[in-house]
Amino acid sequence: MAGSAHGHTPAAWTGVIISFIGFCVAGVFMVAANLPGFWAGVGVIVLGGVVGGVMKVAGLGMPKESAAVTAAREAATATAQARY
């Protein structure tokens, strides 16, 4: 399980953490009936997505698969489908 890649990259973690903070900020200001604070929290949520995307483009996201890995996956899928 440790060798499998499920998308747990620095870009993904950073984007999710920033978005979570924005969600908390928006929630607090929504309960406090403070509209500008709520929209600031929503802005932080959007910022989390942008930061995660920029980090992915910068190379901190999932690495591209090689042709060998893609071929091995397709062969394993074909073998599994042939069994059933």
Compare all side-chain heavy atoms of [X] with those of [Y] and state whether any distance is below 4.5 angstrom.
{"X": "Phe38", "Y": "Asn34", "result": "no"}
{"X": "Val51", "Y": "Thr14", "result": "yes"}
{"X": "Lys56", "Y": "Leu60", "result": "no"}

Do Val42 and Val25 share a hydrophobic cluster (ILVMFWY, side-chain heavy atoms under 4.5 Å, transitive)?
yes
With hydrophobic residues grouped by side-chain heavy-atom distances under 4.5 Å, do Val31 and Val28 end up in a single group?
no
Return the [atom1] to [atom2] distance between [X] and [Y], rounded to the nearest 0.5 Å.
{"X": "Ile18", "Y": "Trp13", "atom1": "CD1", "atom2": "CH2", "value": "13.5 Å"}
{"X": "Met55", "Y": "Thr9", "atom1": "CE", "atom2": "OG1", "value": "7.5 Å"}
{"X": "Ile45", "Y": "Phe20", "atom1": "CD1", "atom2": "CZ", "value": "10.5 Å"}

Give the minimum heavy-atom separation between Ser19 and Gly48, together with the two atoms involved.
OG-CA, 3.7 Å
Is it true that, when you exclude Phe23 itself, more than 12 heavy atoms of the residues, nucleotides or ligands shown sit nearer than 6.0 Å to its CZ?
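No, CZ of Phe23 has 12 or fewer neighbouring heavy atoms, counting only those of other groups under 6.0 Å.
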